[in-house]
Amino acid sequence: MDVAVVGGGVVGLSVAEALARRGAEVVVLDAGAFGAGASAGNAGWVTPALTAPVPAPGTMRQAARWALDPASPLLVRPSLRPDFLRWSLRFWRSTSDAGYAAGMTALTALATRILDDYDRLEDLGVAFEHHRDGLLCVGRSAHAVAEELATLRETAGCGYAGAIEPLSRDEVLAQEPALQASAVAGGIRLPAERHVRPESLVRGLAAHLRGRGVALHEGARVDRLEAVRGRWRVHLPGAGPLDVDNVVVATGWESAALLAPHGVRLPMQGGKGYSVTVPAPSLVPRSPIYLLEDKVAVSPYEGGLRLAGTMELGSRSSDLNDRRVGAIEAAGERALGDWSAAGAQRWAGFRPMLPDGLPAIGPVPGRPGLHVATGHAMLGVTLGPTTGEVLAPTVLDGRPSLELAPFSPARFGNRAVPLRRRRRGAVRGGGADRPAAAAR
Ligand SMILES: Cc1cc2nc3c(=O)[nH]c(=O)nc-3n(C[C@H](O)[C@H](O)[C@H](O)COP(=O)(O)OP(=O)(O)OC[C@H]3O[C@@H](n4cnc5c(N)ncnc54)[C@H](O)[C@@H]3O)c2cc1C
């Protein structure tokens, strides 16, 4: 095998697709079922307009206000765990003007190609539910609409090319009859945005990869990665190890453990979120709706309506929190009077959150053949296919890419961990930065 992709969520499967298309022999290993992590019940938005990093100037003040409201979109479970304290400190530092501007610039630049990458998946014959209905942002207050508009204009200043159309209250209600008049002060239409049914995307990618002869293994938890004579040994408890030239770690919020032994400090926290999916809704909005104050995403699907939201930090249990789910349902009732959660399927998942709000995509310095694709926070569906596109050439050529510099997995300060001396000439297909004789 040329490459083992560890983790079969939307990011891992997208990376596997981009690698297989370039002729690599790929195996994908997932501890559970493909797409059963964060990639299952999320809102499925593909939104190049909404790429502002989570840590922003003012986020800490807003978080303090929300801390007093038990039904707010943010819940922080304070913890004295050193990893949580380190993450929080780094997050706070990333809310500086300079940190936010750098993050915004990097994410918007990456996002300019998202829609083309989705079109390519369709052209390749990957079957998934894909909607091009735009996105409607709706505020109960003029203030919320103005704040969102300001952020969107910053994104446009960084290169977002889609239209941003402010709407009066009457225009919003005319465009979206499903909305309650009492829930609308104004809105913004973003006609270029899209959404997908994330379960169908993961299923479609897996089926496509199988069709191309990619080896896909579910129930295959990787517990260790070992550098052995210029290649990588992937350890799977209960099965023999697998030797490959390259590994891509795409294990979502659980990515830090596999990388730590190789000196990668990835301060990762799970940002727990919830969704409620009604299989046969009594009303279906014309397009996805973003309820600005509640931070709730409304996604209409073929035969279904999903509401998703909440950011719960410091939690590690996948239990459903009735109060949080109730807050999402209440937001739905306020905005869409006829909406009923009867018969709904409730879900919780963990967004992989790095404290600067950017994903980690790229090679691990000093570990030739080891790569990372994780930390996509609220943008894993949006950025999944693009992550594959930008990472695959680096994996196959072994050359670092300038485009990936802001997303380096080493940006949190790697520890130097010596590699065992490798056999001369042991690397197969190594690129310019993989000299076979190098001792690491
Ligand atoms: C409520 C909610 C709404 C969201 N809405 C959107 C949205 O509208 N648009 C958007 O772009 N993003 C959205 N997101 C974020 C998105 O869901 C994530 O960014 C994305 O799913 C992350 O994908 P992933 O492949 O990195 O991780 P995951 O989907 O979590 O996949 C990781 C996989 O790795 C496997 N794994 C873990 N450890 C191991 C191991 N040791 N060995 C083998 N396999 C392992 C797991 O089993 C899992 O299948 C939302 C998230 C939530 C919670």
Side-chain angles (χ1 to χ4, degrees), residues 2-30 33-40 42-48 51 107 110-130 194-212 214-218 246-253 255 349 351-352 358-363 371-396 401 403-404 407 409:
D2 297 324
V3 191
V5 176
V6 186
V10 66
V11 173
L13 292 173
S14 297
V15 171
E17 189 284 318
L19 289 164
R21 182 161 28 93
R22 287 167 172 79
E25 216 180 314
V26 182
V27 58
V28 187
L29 306 161
D30 195 287
F34 293 125
S39 301
N42 64 66
W45 288 5
V46 176
T47 46
T51 46
L107 279 171
L110 192 63
T112 52
R113 49 191 296 172
I114 288 168
L115 302 181
D116 291 342
D117 291 333
Y118 264 93
D119 288 341
R120 183 185 302 105
L121 284 187
E122 261 187 356
D123 293 346
L124 287 166
V126 178
F128 60 106
E129 192 182 323
H130 188 182
R194 301 188 189 172
H195 73 293
V196 301
R197 180 111 191 203
E199 305 93 306
S200 77
L201 175 62
V202 169
R203 255 197 324 271
L205 281 167
H208 178 79
L209 289 170
R210 256 184 222 107
R212 290 193 67 116
V214 171
L216 299 178
H217 297 287
E218 297 188 324
N246 300 281
V247 176
V248 179
V249 175
T251 46
W253 79 291
S255 296
R351 305 170 183 92
L358 301 186
I361 310 170
H371 306 266
V372 179
T374 189
H376 290 71
M378 335 243 278
L379 293 171
V381 176
T382 298
L383 292 174
T386 300
T387 298
E389 282 308 297
V390 293
L391 183 61
T394 296
V395 173
L396 298 177
S401 137
E403 197 175 10
L404 288 178
F407 308 107

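Being a predicted model, the structure only gives us computed values, none of them experimental.
Proximity of Leu201 to Leu13: side-chain heavy atoms (C-beta onward) are nowhere separated by under 4.5 Å. Contact annotation: the side chain of Ser39 never approaches that of Val11 to less than 4.5 Å [non-hydrogen atoms, C-beta and beyond].
In this structure, the side-chain contact (heavy atoms from CB on, under 4.5 Å) partners of Ala111, at least two apart in sequence or on a different chain, are Pro48, Thr51, Ile114. Taking Ala127 as the reference, nothing meets the side-chain contact (heavy atoms from CB on, under 4.5 Å) condition, with sequence neighbours excluded. With sequence neighbours excluded, the residues forming a salt bridge (charged side-chain N to carboxylate O under 4.0 Å, His left out) with Glu122 are Arg132, listed by chain and number. In terms of the ring pair (Phe, Tyr, Trp, His ring centres under 6.0 Å) criterion, residue partners of His130 (sequence neighbours excluded) are, by chain and number, Tyr118, Phe128. Take Thr251 and apply the side chain to side chain donor-acceptor pair (under 3.5 Å) test, not counting sequence neighbours, and it matches Ser255. Judged as a salt bridge (charged side-chain N to carboxylate O under 4.0 Å, His left out), and not counting sequence neighbours, the contacts of Glu403 are Arg113. With sequence neighbours left out, the side chain to side chain donor-acceptor pair (under 3.5 Å) criterion links His376 to Thr387. Remark: Thr386 pairs with Asp117 by the side chain to side chain donor-acceptor pair (under 3.5 Å) rule, at least two apart or across chains. Listed by chain and number, the residues in a side-chain contact (heavy atoms from CB on, under 4.5 Å) with Ala207 amount to none (sequence neighbours excluded). In this structure Arg351 satisfies the side-chain contact (heavy atoms from CB on, under 4.5 Å) test together with Met311, Met353, Met378, sequence neighbours excluded.
Judged by distance alone, with hydrogens and angles left aside, the side-chain atoms of Glu199 form no donor-acceptor pair with the main-chain N or O of Gly35 at under 3.5 Å. With hydrogens and angles disregarded, no donor-acceptor distance shorter than 3.5 Å links the side chain of Asp30 to the backbone of Glu218. In this structure, the side chain of Thr374 engages the main chain of Gly252 through a donor-acceptor pair within 3.5 Å.
Each of Val15, Ile361, Val372, Val26 was compared with Val248 under the side chain to side chain contact (heavy atoms under 4.5 Å, CB included) criterion, and only Val15 meets it.
Within the model, atoms CG of Leu391 and CG of Leu404 stand 6.5 Å from one another, a figure rounded to the nearest 0.5 Å. In this structure, the separation between CG on Asp116 and CG on Leu121 is 11.5 Å, given to the nearest 0.5 Å. Here the CG atom belonging to Leu115 is positioned 12.0 Å from the CZ atom belonging to Arg120, to the nearest 0.5 angstrom.
Contact detail for Val28 and Ala16: the closest heavy-atom pair is CG2-CB, 3.6 Å. When every heavy atom of Pro409 is checked against every heavy atom of Gly362, the shortest pair comes out as CG-O, 3.5 Å. Minimum heavy-atom separation, Leu124 to His208: O-CE1, 3.5 Å. Taking each heavy atom of Leu107 and Pro359 in turn, the nearest pair found is CD2-CD, 3.8 Å.
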Show me the side-chain donor-acceptor pairs of residues 3-10 shorter than 3.5 Å, one per line, residues at least two apart or across chains.
none

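Counting only residues at least two apart or in different chains, side chain to side chain donor-acceptor pair (under 3.5 Å) contacts with residues 5-23 comprise Glu17-Arg21, Arg21-Glu389, Arg22-Glu389.
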